[in-house]
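Just follow the structure's listing: the first ligand is 1, and inside any ligand the first atom is 1. Hydrogens, waters and symmetry mates are skipped; everything else that's a heavy atom, side chains included, is used.
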Amino acid sequence: MKKRSATDVLPAEGGLGNEPLLTVDNLHVEFHTRAGIVRAVNGVSYSLSAGETLAVLGESGSGKSVTAQAIMGILDMPPAVIPKGEIRFHGTNLLTLSEEGRTQVRGERIAMIFQDALSALNPVFTVGWQISEMFRVHRGMSKRDGMKKAVELMDKVRIPAARQRVNDYPHQFSGGMRQRIMIAMSIALDPEVLIADEPTTALDVTVQAQIMELLAELQRESNMGLILITHDLGVVADVADKISVMYAGRIVENAPVHDIYKAPAHPYSKGLLDSIPRVDHKGQELYAIKGLPPNLLDMPTGCAFHPRCPYRQDNCVTDVPPLYEISGVRSSACHYWREVLDGSRG
Ligand code: SF4
């Protein structure tokens, strides 16, 4: 069947009705390798509305970045294969679009900020040139007008003396300033969805807070949907509306941000929360979840978290927990979510 272009099927911006802006529905992603099939994403579902911030949380290898790459259409296929699932944007399954259609959506309507700004930026072009390229390529602007827009965007992401620095190269900026330049590039075309993959990992704590504040402010101004991918629960507390916690390719807990901070309903979320350093626990040893994330080529039976779980019972080793619905907005993939929730409250 001929795949469709984006303009064939997607409404212009704002044509949403009651549909969430973006819906990931039962997504599966596998990597076919010589060592075997790596099931990196196993039935992930989440949705995002305009103006909403979803934090996707988990350790390396949990599938959070692979899900984001599938949304962006930047997975190398093969070795990646998407055997099941849908990614709907304005109700249209992006997986049914032609490569040309995906290119129209990527950058223009769904954009992404990567973790490592230094390797994502081209070292041999000035930052102004790289930002203005978005306008030259996608909007057909002249070099001069593109550079004017680059200065405006550098101002918007609060790079001091933007006009003087527009012809500087990436290595002439600090890590925090380079991440601001990446943000400027990602919002250049006014995307409706912005995915930020560990946007503050390489930065110190003060700069992390400034970058998160900037993202939140830009989102408020433009009503974008924002997906924040992180391994650090502490980073998202003030900016996210809701959280999906991932472990071994599955979502193990969905919750509004305040609920999960108050009382997590999955032992893994509880472990992540307990691992956040607290000023009122000065002098005490920092908690760490015991053990390592599972090998995706050799997954544990039953609940994938059972080898590390302090709440484990016999049936956890044999029975895969479904995502139990706790309330309309909360769910947990733990047979013993009630005990975890009650323990958290105690
Ligand atoms: Fe722990 Fe069992 Fe819950 Fe898995 S199902 S998280 S092993 S208590």
* How would you list all residue pairs meeting salt bridge (Lys or Arg N to Asp or Glu O under 4.0 Å) that involve residues 35-54, not counting sequence neighbours? ->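 As it turns out, the salt bridge (Lys or Arg N to Asp or Glu O under 4.0 Å) pairs with a partner in residues 35-54, which skip direct neighbours, are Glu30-Arg39, Glu52-Lys242.
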
* Is the closest basic N to carboxylate O distance between Lys270 and Glu253 below 4.0 Å? ->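 Looking at Glu253 together with Lys270, the answer is no, because their closest N to O distance does not fall below 4.0 Å.
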
* Asked: Is the shortest distance from a Lys or Arg side-chain nitrogen in Arg158 or Glu213 to a carboxylate oxygen in the other one below 4.0 Å?
  ->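 Salt bridge flag = no for Glu213 with Arg158.
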
* Other than Trp129, what residues sit in its cluster of Ile, Leu, Val, Met, Phe, Trp and Tyr side chains whose heavy atoms are under 4.5 Å apart, directly or through others? ->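 Other cluster members: Val124, Phe125.
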
* **Heteroatoms of the protein, restricted to N/O/S, which lie under 2.8 Å from atom 1 (Fe) of ligand 1** =>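 Per the 2.8 Å query on atom 1 (Fe) of ligand 1, atoms found are Cys309 SG.
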
* To do: Would you kindly check if the NZ (Lys) or CZ (Arg) of Arg308 is within the cone defined by 45 degrees around the ring axis of Tyr268 and under 6.0 Å from the six-membered ring centre?
  =>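 That pair does not qualify as a cation-pi contact.
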
Side-chain donor-acceptor pairs under 3.5 Å in residues 73-86, sequence neighbours left out?
unit_1	atom_1	unit_2	atom_2	d
Glu86	OE1	Arg88	NH1	2.8

